[in-house]
There are 2 protein chains.
Amino acid sequence: MDIVFKAINDPTRREILRFLTHGPQNAGTIAQQFNMTKPSISHHLDLLKQAQLIDFSKKGQFLVYTLNKSGFESIHAWFQPFTLFFELPKPKIRL
Amino acid sequence: MDIVFKAINDPTRREILRFLTHGPQNAGTIAQQFNMTKPSISHHLDLLKQAQLIDFSKKGQFLVYTLNKSGFESIHAWFQPFTLFFELPKPKIRL
DNA sequence: TAAATAATTAAACAAATATTTAAATATAAA
DNA sequence: TTTATATTTAAATATTTGTTTAATTATTTA
């Protein structure tokens with residue numbers, strides 16, 4: 001659980017996630033988007049992977065990254081009680 | 001924006017938020033829930049406040065903390081594109 | 001007004017994090 | 001089979017973060 005929150009705490013990692021909503025991308029293409037070294041991006045990708053926010057598959061010499069639903073489901077599950085808290089109308093009288 | 005993600009990155013702060021779904025609580029009552037000094041909790045409350053995830057009002061010598069919708073709305077807004085990404089059925093054919 | 005209570009702010013420090021450069025691994029092309 | 005390309009792993013380091021103890025502020029009660 002912790003790892004998902006850690007993963008989305010970083011602005012670069014959030015941008016990577018946003019970039020991947022455009023579709024699968026290989027590591028180099030992702031790295032090009034940022035003014036940062038490849039090893040740094042590689043580290044961010046690793047963390048996002050650990051959090052199950054992304055996944056990858058090997059295509060020849062390339063690693064192609066995609067969004068992974070399960071990490072996002074964790075966030076959604078955590079968020080749910082607060083949605084209920086704010087959206088459920090509070091009873092005005094004690095029953 | 002960043003501050004909200006920073007705020008929810010810490011497990012103690014997430015527990016504080018969860019605790020506040022039970023209703024408004026003063027700082028001392030919150031601190032009692034944790035095996036941690038009051039100054040530490042006070043610092044966590046300050047961060048949650050900065051992130052607009054909580055708010056407080058003074059009641060005599062007590063500070064009463066409550067959940068604040070606006071921080072949660074920021075999270076929801078960030079999450080929205082991913083909801084769309086995963087839940088929108090992808091067209092199987094190119095139109 | 002003096003003492004007690006509720007809570008924060010400040011200073012110090014250990015642990016965690018993001019970044020870089022350099023080295024390593026794996027695949028493809030010449 | 002050598003060279004180039006894509007990417008990761010490792011080591012080093014500066015910055016950020018969470019915690020504690022000590023000091024401070026504000027309010028209540030005796």
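Below, read A as the first sequence line, B as the second, and so on, with proteins coming before strands; counting in each chain starts at 1. Only heavy atoms go into these numbers, but all of them, side chains included; no hydrogens, no water, no symmetry mates.
At whole-Å resolution of the value, CZ in A:Arg13 and C1' in C:dT19 are 12 Å apart. In this structure, CZ of A:Phe5 is placed 20 Å from P of C:dA16, rounded to the nearest angstrom. Atoms CG (B:Leu63) and P (D:dT27) sit 10 Å apart, rounded to a whole Å. Atom-to-atom, CG of B:Leu47 to P of C:dT9 comes out at 12 Å; the value is rounded to the nearest Å. The separation between A:Phe62 atom CZ and D:dA4 atom P is 17 Å, rounded to whole Å. In this structure, A:Leu45 places its CG atom 16 Å from P of D:dA6, rounding to the nearest Å. The CG-C1' distance, from A:Leu48 to D:dT8, rounds to 15 Å in whole Å. Whole-Å rounding puts the B:Lys38 NZ to C:dT9 C1' distance at 14 Å.
Screening A:Lys49, A:His43, A:Gln50 for a side chain to side chain donor-acceptor pair (under 3.5 Å) involving A:Asp46 leaves a single residue, A:Gln50.
Between B:Phe5 and B:Trp78, the angle of the ring planes goes over 60°, which puts this pair in the perpendicular group of the 30/60° scheme.
Of the residues in residues 17-28 of chain A, those lying under 4.0 Å from DNA chain D by heavy-atom distance are A:Asn26, A:Ala27, A:Gly28.
For C:dA18, the OP1/OP2 oxygens have no side-chain nitrogen or oxygen of A:Ser40 closer than 4.0 Å. Of the side-chain N and O atoms in A:His43, none sit less than 4.0 angstrom from OP1 or OP2 of D:dA10.
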Quiz prompt | Letter per nucleotide, 5' to 3', of nucleotides 25-30 of chain C [B base touched, S only sugar-phosphate touched, - untouched; heavy atoms, 4.0 Å] | solution = -SBS--
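Residue B:Asp10 places its side chain closer to D:dG18 than to any other of C:dT20, D:dG18, C:dA7. Among the nucleotides D:dT7, D:dT20, C:dT21, the one closest to any side-chain atom of A:Thr37 is C:dT21.
One finds the CG atom of A:Leu20 at 9.5 Å from the NE2 atom of A:His22 (value rounded to the nearest 0.5 Å). Atoms CG and CD1, from B:Leu45 and B:Ile30 in turn, are 5.0 Å apart once rounded to the nearest 0.5 Å.
Aromatic ring centres of B:Phe86 and A:Phe72: separated by under 6.0 Å.
With hydrogens and angles ignored, the 3.5 Å screen pairs a side-chain donor or acceptor of A:Arg13 with a backbone N or O of A:Lys6.
For the pair A:Gln25/A:Gln33, no side-chain contact is recorded, criterion being any heavy-atom separation below 4.5 Å from C-beta on. Taking the side chain as every heavy atom from C-beta outward, A:Leu47 and A:Leu53 never approach each other to under 4.5 Å. Side-chain contact between A:Leu17 and A:Ile8 is present, with at least one heavy-atom pair separated by less than 4.5 Å.
Each of A:His44 and B:Val64 lies near DNA chain C, and the nucleotide nearest B:Val64 is the one positioned closer to the 5' end. With the nearest nucleotide of DNA chain D identified for both A:Ser42 and A:Asn9, A:Ser42 has the one nearer the 5' end.
A:Tyr65 comes within 4.0 angstrom of sugar-phosphate atoms only, judged by non-hydrogen atoms across all strands, and of no base.
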Quiz item: Under the side-chain contact (heavy atoms from CB on, under 4.5 Å) criterion, do A:Arg18 and A:Arg14 qualify, and how do the steps go?
Solution: CA-CA 6 Å; A:Arg18 190 65 83 100; A:Arg14 290 197 302 275; over 6 Å; no
